[in-house]
Structure formats: C-alpha cells, structure tokens
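Following: one structure in structure tokens, then a few remarks.
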Protein chains: 2
Amino acid sequence: MQLQHLRYFTALARERHFARAASACGVSQPTLSAGLSALEHDLGKRLIERDRRFIGLTEEGAAILPWAEQVLGAVRGLTHASAALSVELQGEFRLAAIPAALPLVGAFGEALLAQNRGLAMSVHSQTSREIERGLAANTFDAGITYLDHEPAGNVLSVPLHEEQYLFVARRGTGFDGRTCVDWAEVAEMRLCLLHQGMQFRRILDRQFADCGLSVMPPAIADSYVSLLSLVRSGEFVTIFPAAYADLVSGLDWCLFLPFDAEPAPRRIGLVVVDRDPMGPMARAGLLAAQALQRVGKVG
Amino acid sequence: MQLQHLRYFTALARERHFARAASACGVSQPTLSAGLSALEHDLGKRLIERDRRFIGLTEEGAAILPWAEQVLGAVRGLTHASAALSVELQGEFRLAAIPAALPLVGAFGEALLAQNRGLAMSVHSQTSREIERGLAANTFDAGITYLDHEPAGNVLSVPLHEEQYLFVARRGTGFDGRTCVDWAEVAEMRLCLLHQGMQFRRILDRQFADCGLSVMPPAIADSYVSLLSLVRSGEFVTIFPAAYADLVSGLDWCLFLPFDAEPAPRRIGLVVVDRDPMGPMARAGLLAAQALQRVGKVG
DNA sequence: CGTTGTTGATAGGGATTGGCTATCATCTGG
DNA sequence: CCAGATGATAGCCAATCCCTATCAACAACG
C-alpha cells in the first residue's frame, strides 16, 4: 500500500471529482485514477462508486476513510516531529474557530507566530460541530470554541476568554440614553440572530428560555457581518459576544449596551486533540495559548 | 516516504540489529539498509546512530518512533476495517495480560475466537505498565489488567473479574486443619512474592500496609510458576489471586486458604485504546469481553 | 439529431526505485 | 593472525509510478 494512494483517496473523497482531486494532489488525472485502482486492488475491495462519473464512496470506502485520515495525520505528525527538533516549526497551522471566537484569532495568531516564525496560520470559520469533526479527522491542528458544551472526545484545552453578551442597535433608534437593557424587552424587539445550527444562537436561545422567554427572530444570518449590516439598516437589533463588539466598537452609528442580568459567562478556549504522541502543531498551539493566558490579553 | 521504510525503522528499533530486523520484515539486509537510508534522506535527518554496528536511535529517531508506530497502527486499522466489512476478521489478535490475569485468557480467547473464527490470538504476559505503553504504541490490540489503578489515557474497558486473594502453602507444613489465615500471621512467615515492579505485588504491599504490616519476603520471583515451585519445596508460602489458584487447584500437594478479612476486590478487565475510528480488533475484543461479562463465567 | 464539453478509463513509454545477490570493510574474540 | 559478525556498497533486474495522448460514455444544447 502506498501513502500517496491514500492521499489520492482522501482528496477524492473531499473533492468528489477525479480531475479536481488530481490537481489538488499535484498529479495528472490518469495518475490519480490508476493510483486509486491500485489501492482498490491492494485492499481487494471496490472503494469508489463510479458510473462514468464520481458517484460516491462504497461502504468499504466510507469505512476506511477515517483510517486513511488517521494514517496521513500521523505521517504529518512524523514529519513535523522530525523537523521540529532541529529547526523551527514550518508549514501551515490550520486553526478552526467558531464565528464568536474570530476576534480572538488575532491575539492567538500573534502569540503563535511570535513563538514560531516559520509557521503560517490559516483560519477557518466553522461551527463547533465542524471543528470537533475536523480535529478528529486531522483537518485542523487546533480549534477555538466553547469549552463547556462539547462532549469532548479526548481533547486538551486552554481557556482564553469568557464570553459576555452585548445588545447591539443603531444609534438614533431610541436607545441612546439607555445604560442597559433587559432580556424580556429584547425578546420583544425585531431581532436578527445567527441560525439555529450555530452554537452562539443555541446559547442565546437557552438564555432566553432560562428567563421564561422565547424568540422568533424575523431575520437570521450565518455571520456577524451580516447581522451588523442588518442592524445598520435600523430595522433590527441583535446580540453580540463582547469580544466581537470590541472589534467593531469604533463604528459611530453603532450602539452597544450591556444586559442588566448577565448569565454565567461561557468559556472559550483553544482545543487540540489529545493523542499519545502529541503533534508539534498541537504543542505549539497549546504553548501559544498558554502564553496568551498568562498575559491575560485576549481580544 | 514509503510505508515499508517505516516498517523497517520500527523493526530496527525493536530488534536493534540490522540483519534480524531485515529478517523480521522478510527482506534482505541490504534492502533494509537502503530503505533506512532512503527514510533518513526523505526526512533530511540521521535517525540511526551507527558505528559499524547498531548503536541506537538518534534524538530525531526517538522522536519519530512513536509516530511511525501510529502510522503503522492506523494502516493496520485501515486494512482490518476494509476486510472486516465483507468477511470475518482475520489475522492475529495481540492480547497482553498481567500475570495475575493469565487464567482469564482462556475464557476470553474462547469467546473471541468463537465470535471470530478467522482470528488467531497471541497472548503476551506483561506488566500493567508495559501493557499501557504497548496499547499506546499499537504493539497490542487489547490488554487484560487492573482497571482501577491506571492513569487511564483514553481507554475503554470491560470488567471481567474481581480479584480475591488466597494463601498458598504446601500440605503437611502445619496448615492442613486451618480454614483461614489472617494477614498478620502471614506477614511473619517465609513468603515468596512477585518483585516490586509488578502490580499484584504492589497491591499486596498496600494491603499489608493497610493492616499496619510490612513484609520483606525472603524470596522474590517474576512469575507465579516460580512461586508455586518455591511453595512446593515446603520452605515458603505465598499469596495467589483466586483465579490463578483455581487453575492449579488440582495439585494434591497444594493447599489454598482464604483470608479472614478480604480487602476490597480489585477489578480486572479488558482494555482497548479509545481512538476515534475504533479498530475492528479493539471492537472484536470488546464484544468478546462483553459476551463473557453477560455469561458471568470468567476463569 | 448532431455538436460540444465533461468525466473518467486506457495505452504506451520513460524514469525512478525497491529488491536481490555478491562482495567488501571494519570490528571483536580467541 | 584468523574466524565470525555486522553493516555498507556495487551491479543488476523488475516493478511501478507518473506522464502525455487518446478514447468512450454521457449530458447539455441548439
């Protein structure tokens, strides 16, 4: 069995297209095709459903896919481990973060890249569920997400931030004199919020429910930028994580108000998978997060 | 990088000898030598300290060794996963067990092989510490060991047995009429016990300590067979796990007595590593252990 | 209904490399 | 000084990995 063939296989599973997968692997399409045939021959199983075009993976193919990712992840770990001893860490640090934590990636990236000049960080905005899967599948080296909500399958974490909420409205829409708002009145307003698949939304829903309220926001988006744009129209109000609000606090048309009753803050932090030989990327991420934690300056 | 080269590398690390490692891999010695050179060239690092003979691994070599084992373990998982779907599980189930649990491997093996006719089980007697390392390094598919003592790095376990203690003496040495013994008097006798690196010995030491006693056994061995042989001489007495005693209860010269006060029983069971895609071997082991647990017949 | 673009498989050739046997260089022990 | 052990080197062969060029089947569309 060839490692390269496993790369072809995972690429095809990802791209769902022979030519694109080949290009992603930097080889020609016939090469990828032949490599996959060889892999199927090695295992004695058809892994790919094809009907003159890519259909999907067979049952066997789906069964071995996570294993192929494990193999390749371990190979990455091996190469990094060998490279890390003599010189600095090199390559791409693949960080996934929930949208609410995006304001933290600046400080984290600063710490990480200061400690590892050879690294390049790539940030991927993902839901907490996707981060969990991506960590298990070695798609990401680390994630920044909620620490207390996860079923947490074998992860190490470093808390970075405690999330608070801020009410957001456009100036001149009746809130200018206010110093705070309460949850009950907000529930009655024209809210725009994230969609229900996203963790921050679920947390808010639970917060409203804890107050005996339920919300049916007339506008739903999948990014804070969209929410901000909706608020700017003056038609809507929304709720931001404080870290996110800080990032855009310079906007003169935008008004942020605290709530009268803050729920228990949600811890947000860095998570990496806790495998036996810890990958140098994971280690570097933990070190950077710990440095950040000591300084106390996050966001 | 070639998977085969990683096999060469782990074999060499295990055998500490080029020719033996080559033979273990089923290739000629120059082939292995060249393969290792290629691996070193790939990584750009010397991995092996050589001085006309094998000296040891370099720092880099030691760093990548656990990763190489991860890679190969994942490859095994992949192969098994692909094979397991259609037909029965094949190959070798590598079980490690502490000596005190060796009497359990019969029932476990029976259950495992009944459920998986294509499997062959190989049993390795190891200390609990070695089992822990071997599981992490993919040297074993499962272990049978104490469940409550482990620091437990990501393992799944199924309890199989609760260990009790029996006093063992040769008949005709003054114990024939007795129905039980107490810890204090045993502490005064000429005991032979396992050496202190072994878990069962440490458990006994703690048991004695809990009774305010301390023992300095005049004979120490690393196997129960040796202990039994020492007891047979009539000069010594010892303490066996009840499961072990059952196994040799047919010996007419041998006398087993319970203790008056039993400490809390120690749970012994099957452990497998809890990785994200669970290996079919681990799964098969768990299933066999669970079947055994339901039947309640272990040992 | 024919044309065109897309998608994946096949054919053939060249370069790489993994493997073998045979041999050598060096060290160890007697 | 000789014999054995250990690992590296040389030279050769076969496998295979990858490429370009091409083909076959299908879909979309005028």
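Residue numbers begin at 1 in each chain, while the letters A, B, ... track the order of the sequences. Since this is a predicted model, take the numbers as computed values, not measurements.
Whole-Å rounding puts the A:Met1 CE to D:dT16 P distance at 14 Å. Atom CZ in A:Phe54 sits about 13 Å away from atom P in C:dT7, given to the nearest Å. Here the P atom of nucleotide C:dG8 and the CZ atom of A:Arg20 are 8 Å apart, to the nearest Å. Rounded to whole angstrom, the span from the CG atom of A:Leu39 across to the P atom of D:dC17 amounts to 11 Å. Straight-line distance from the CD atom of A:Glu49 to the C1' atom of C:dA9: 17 Å, rounded to whole Å. The distance between atom CD of A:Glu40 and atom C1' of C:dG8, rounded to the nearest whole Å, is 13 Å. At whole-Å resolution of the value, CG in B:Leu36 and P in D:dT9 are 13 Å apart. Spacing between atom CG of A:Leu3 and atom P of C:dG18 amounts to 12 Å, rounded to whole angstrom units.
Using modelled atom types, one finds no donor on one side chain facing an acceptor on the other under 3.5 Å when comparing B:Ser229 with B:Ser226. With 3.5 Å as the limit, one finds no donor-acceptor pair spanning the side chains of B:Ser82 and B:His80.
Applying the side chain to side chain contact (heavy atoms under 4.5 Å, CB included) rule to B:Ala74 yields the partners A:Trp67, A:Gln70, A:Val71; only residues at least two apart in sequence or on another chain are considered. A search for side chain to side chain contact (heavy atoms under 4.5 Å, CB included) contacts involving A:Arg16 returns A:Phe54, not counting sequence neighbours. With sequence neighbours left out, the side chain to side chain donor-acceptor pair (under 3.5 Å) criterion links B:Glu40 to B:Arg50. Residues meeting the side chain to side chain contact (heavy atoms under 4.5 Å, CB included) test with B:Ala219, sequence neighbours left out: B:Cys192, B:Leu230, B:Phe236. Applying the side chain to side chain contact (heavy atoms under 4.5 Å, CB included) rule to A:Ala137 yields the partners A:Glu69, A:Thr139; only residues at least two apart in sequence or on another chain are considered. For the ring-ring contact (aromatic ring centres under 6.0 Å, His included) test, no residue two or more places apart in sequence or in another chain qualifies with B:His195. Residues satisfying the ring-ring contact (aromatic ring centres under 6.0 Å, His included) test with B:His41, not counting sequence neighbours, are none.
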Pairwise N/O distances under 3.5 Å, protein to nucleotides 11-14 of chain D:
none

Polar-atom pairs under 3.5 Å, protein N or O versus N or O of nucleotides 18-20 of chain D: list them with distances, or write none.
unit_1, atom_1, unit_2, atom_2, d
D:dC18, OP1, A:Tyr8, OH, 3.4
D:dC18, OP2, A:Tyr8, OH, 3.2
D:dC19, OP2, A:Ser28, N, 2.9
D:dC19, OP2, A:Ser28, OG, 3.0
D:dC19, OP2, A:Thr31, OG1, 2.5

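Residue pairs meeting the salt bridge (Lys or Arg N to Asp or Glu O under 4.0 Å) criterion with at least one partner in residues 91-102 of chain B, sequence neighbours excluded, are B:Arg94-B:Asp141.
OP1 or OP2 of C:dT7 has not a single side-chain nitrogen or oxygen of A:Arg50 nearer than 4.0 Å.
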Less than 3.5 Å apart, which donor and acceptor atoms pair up between the side chains of residues 24-35 of chain A and the rest of the protein, not counting sequence neighbours?
unit_1, atom_1, unit_2, atom_2, d
A:Ser28, OG, A:Thr31, N, 3.4
A:Ser28, OG, A:Thr31, OG1, 2.8

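Near DNA chain D, meaning a heavy atom under 4.0 Å from it, residues 9-18 of chain A has no residue at all.
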